[in-house]
Amino acid sequence: MASYYELDEFDALESLLQSFKMYIKEKSLTKERKETYLNLIKYTSSLMKVNPRDQSKIQKIKIEIEQTKGIVSKPWLMEKVEEMIRK
């Protein structure tokens with residue numbers, strides 16, 4: 001997921017996110033575990049789709065990520081948000 005994002009392979013990333021989401025929903029994981037992965041998918045998708053010039057939207061995503069307790073790879077997501085803010 002991170003590799004596709006870093007390489008700007010957004011078509012492949014979108015496909016992976018959709019497949020991963022279906023896989024997580026079908027897998028017998030705890031509700032909390034599913035939630036952490038679904039949050040990763042949600043925020044990765046948000047970062048991929050946001051206009052890099054829309055700083056207010058990026059700030060909103062940042063706040064949501066900060067306030068969400070269970071996210072897989074939260075430090076990576078925060079790093080990507082910070083990169084978008086600095087541009």
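- Residues Glu66 and Met78 meet the side-chain proximity criterion, which asks for heavy atoms closer than 4.5 Å.
- Residue Asp11 qualifies as open at atom CG: its count of foreign heavy atoms under 6.0 Å is 12 or below.
- Both Tyr23 and Leu17 are members of a single hydrophobic cluster when ILVMFWY side chains are connected at heavy-atom separations under 4.5 Å.
- A centroid separation of less than 6.0 Å is found between the aromatic rings of Tyr37 and Phe20.
- The side-chain heavy atoms of Ile58 and Asp54, taken from C-beta on, include no pair separated by under 4.5 Å.
- When atom types are taken as modelled, the side chain of Glu82 and the backbone of Lys62 share no donor-acceptor pair closer than 3.5 angstrom.
- Looking at Lys87 and Arg53, their side chains never come closer than 4.5 Å, going by heavy atoms from C-beta outward.
- Asn51 CG to Lys49 NZ: the interatomic distance, rounded to the nearest 0.5 Å, is 14.5 Å.
- Residue Ser46 holds its OG atom at 8.0 Å from NZ of Lys57, rounded to the nearest 0.5 Å.
- Side-chain atoms of Ser73 never come within 3.5 Å of backbone atoms of Trp76 as a donor-acceptor pair (strictly under, hydrogens ignored).
- Put simply, the side chain of Ser45 never gets that close to the backbone of Ile41: no donor and acceptor are under 3.5 Å apart.
- A 4.5 Å side-chain heavy-atom check between Lys80 and Glu83 finds at least one atom pair inside the cut-off.
- Residues Thr36 and Ile71 fail the side-chain proximity criterion, which asks for heavy atoms closer than 4.5 Å.
- Taking CD1 from Ile85 and CD from Gln59, the interatomic distance works out to 4.0 Å, rounded to the nearest 0.5 Å.
- A side-chain contact (heavy atoms from CB on, under 4.5 Å) with Leu77 holds for exactly one of Thr68, Asn39, Thr44; it is Thr44.
- Here the straight-line distance linking atom CZ of Phe10 with atom CG of Leu16 works out to 13.0 Å at 0.5 Å rounding.
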Side chain to side chain contact (heavy atoms under 4.5 Å, CB included) between Leu47 and Met84: does it pass, once the steps are laid out?
CA-CA 9 Å; Leu47 289 177; Met84 293 180 93; 3.8 Å; yes
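- With rounding to the nearest 0.5 angstrom, the OG atom of Ser19 is 11.5 Å from the CD1 atom of Ile24.
- Counting all heavy atoms, side chain and backbone alike, Lys74 lies closest to Ile65 at CE-O, 2.9 Å.
- A donor atom on one side chain and an acceptor atom on the other are found under 3.5 Å apart for Gln18 and Glu14.
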